[in-house]
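Along the sequence shown, residues carry numbers from 1.
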Amino acid sequence: MEQSKKIANQHSIIFALIYGATYVPAVWLLKHRVFGQPVSIIIGIVPVITFCIFIFKCIKAFSVMDEVKQRVQFEAVVIGFSLTALLVMILFLLSLCGVSNQDWFGYAQLLGYCWLFYFVGWIISIRKYGA
């Protein structure tokens, strides 16, 4: 059982790295419009596929964790989602007022804020449970 936990955690980390390794170059290629539209669509789909695989592997890794670690991850996701929803709501309301900065709070940056909020939730949860 301990071996399956270790393998599941390694798989989720490996696929997180694969996702990052496909997302960053895809953003760069799409931003600089290196290829035509059909190839750009394919380039844009590759990180989506690797992210879906990463999420699947994370869910499998969560299922083999002990109860405390599952609770930590669950709370981190809940806190991260809540902070992301709050940010999106604030950005929407500011855009209705005509006060928004797309350079700081565009779609590309929103993904980074999601990860940041998850890690904030993770740190809060780790400190709460001492895990």
Side-chain angles (χ1 to χ4, degrees):
M1 186 63 151
E2 202 57 43
Q3 185 67 16
S4 66
K5 288 181 184 180
K6 189 174 183 179
I7 290 172
N9 287 334
Q10 287 176 348
H11 283 176
S12 63
I13 292 169
I14 289 169
F15 279 97
L17 294 173
I18 291 171
Y19 162 66
T22 58
Y23 180 76
V24 172
V27 168
W28 187 86
L29 289 171
L30 295 173
K31 185 176 181 179
H32 291 91
R33 300 184 191 269
V34 176
F35 298 103
Q37 188 175 16
V39 176
S40 294
I41 291 171
I42 294 170
I43 291 171
I45 290 174
V46 170
V48 172
I49 293 170
T50 58
F51 185 72
C52 290
I53 295 169
F54 164 64
I55 292 297
F56 176 75
K57 294 294 184 179
C58 273
I59 291 170
K60 286 184 82 169
F62 292 166
S63 67
V64 297
M65 290 179 181
D66 64 3
E67 187 175 326
V68 174
K69 289 182 181 178
Q70 284 179 346
R71 185 173 290 247
V72 166
Q73 291 297 327
F74 178 70
E75 284 190 17
V77 170
V78 168
I79 292 170
F81 175 78
S82 301
L83 291 174
T84 302
L86 178 66
L87 177 65
V88 169
M89 181 183 68
I90 291 169
L91 294 177
F92 171 68
L93 294 172
L94 288 176
S95 70
L96 290 177
C97 298
V99 182
S100 62
N101 185 352
Q102 290 295 326
D103 293 333
W104 281 89
F105 298 108
Y107 291 122
Q109 290 80 16
L110 193 58
L111 181 64
Y113 286 108
C114 289
W115 284 108
L116 174 70
F117 293 153
Y118 164 76
F119 284 116
V120 166
W122 184 71
I123 290 169
I124 291 169
S125 190
I126 285 284
R127 295 179 92 195
K128 179 180 175 182
Y129 292 105

Which other residues belong to the hydrophobic cluster containing [X], where Ile, Leu, Val, Met, Phe, Trp and Tyr are joined when side-chain heavy atoms lie under 4.5 Å apart, directly or via other members?
X: Ile7; answer: none
X: Val48; answer: none
X: Phe62; answer: Met65
X: Leu30; answer: Trp28, Leu29, Val34, Phe35, Val39, Ile43

*State, to 0.1 Å, how close Gly80 and Thr84 come at their nearest heavy-atom pair, and which atoms those are.*
O-OG1, 2.8 Å
*Just do the side-chain contact (heavy atoms from CB on, under 4.5 Å) check on Phe56 and Cys52 with the steps written out, would you?*
CA-CA 6 Å; Phe56 176 75; Cys52 290; over 6 Å; no
Approximate separation, where rounding is to 0.5 Å, of [X] [atom1] and [Y] [atom2]:
X: Leu110; Y: Leu87; atom1: CG; atom2: CG; answer: 6.0 Å
X: Ile14; Y: Ile53; atom1: CD1; atom2: CD1; answer: 13.0 Å
X: Gln73; Y: Ile126; atom1: CD; atom2: CD1; answer: 7.5 Å

_Under the criterion side-chain contact (heavy atoms from CB on, under 4.5 Å), I'd like the reasoning laid out for Phe117 against Ile79: C-alpha separation, chi angles, the key distance, then a yes or no._
CA-CA 7 Å; Phe117 293 153; Ile79 292 170; over 6 Å; no
*Quick check: are there more than 12 heavy atoms from other residues, nucleotides or ligands sitting under 6.0 Å from CZ of Phe81?*
no
Partners passing side chain to side chain contact (heavy atoms under 4.5 Å, CB included) against [X] (at least two apart in sequence or in another chain):
X: Phe119; result: Trp115, Trp122
X: Ser95; result: Phe92, Ser100
X: Val24; result: none

_Filter on side-chain hydrogen bond (donor to acceptor under 3.5 Å, both in side chains), then keep only pairs touching residues 60-70, sequence neighbours left out; what's left?_
none
*Kindly state each residue pair satisfying salt bridge (charged side-chain N to carboxylate O under 4.0 Å, His left out) with at least one member in residues 72-86, sequence neighbours excluded.*
Glu75-Lys128
*Determine which pairs satisfy salt bridge (charged side-chain N to carboxylate O under 4.0 Å, His left out) with at least one residue from residues 107-125, sequence neighbours left out, and list them in order.*
none
Find out if a path of hydrophobic residues (ILVMFWY) with successive side-chain heavy-atom gaps under 4.5 Å connects [X] to [Y].
X: Tyr118; Y: Ile123; answer: yes
X: Leu111; Y: Ile45; answer: yes
X: Leu93; Y: Ile90; answer: yes
X: Val68; Y: Ile59; answer: yes

*Can you name the ring-ring contact (aromatic ring centres under 6.0 Å, His included) partners of Phe74, sequence neighbours left out?*
none
*Worked check of side-chain contact (heavy atoms from CB on, under 4.5 Å) between Ser82 and Leu86*: CA-CA 6 Å; Ser82 301; Leu86 178 66; over 6 Å; no
N/O donor to acceptor pairs below 3.5 angstrom from side-chain atoms of residues 15-23, sequence neighbours left out:
{"residue": "Thr22", "atom": "OG1", "partner": "Ile18", "partner atom": "O", "Å": "3.2"}
{"residue": "Thr22", "atom": "OG1", "partner": "Tyr19", "partner atom": "O", "Å": "2.9"}
{"residue": "Thr22", "atom": "OG1", "partner": "Thr50", "partner atom": "OG1", "Å": "2.9"}

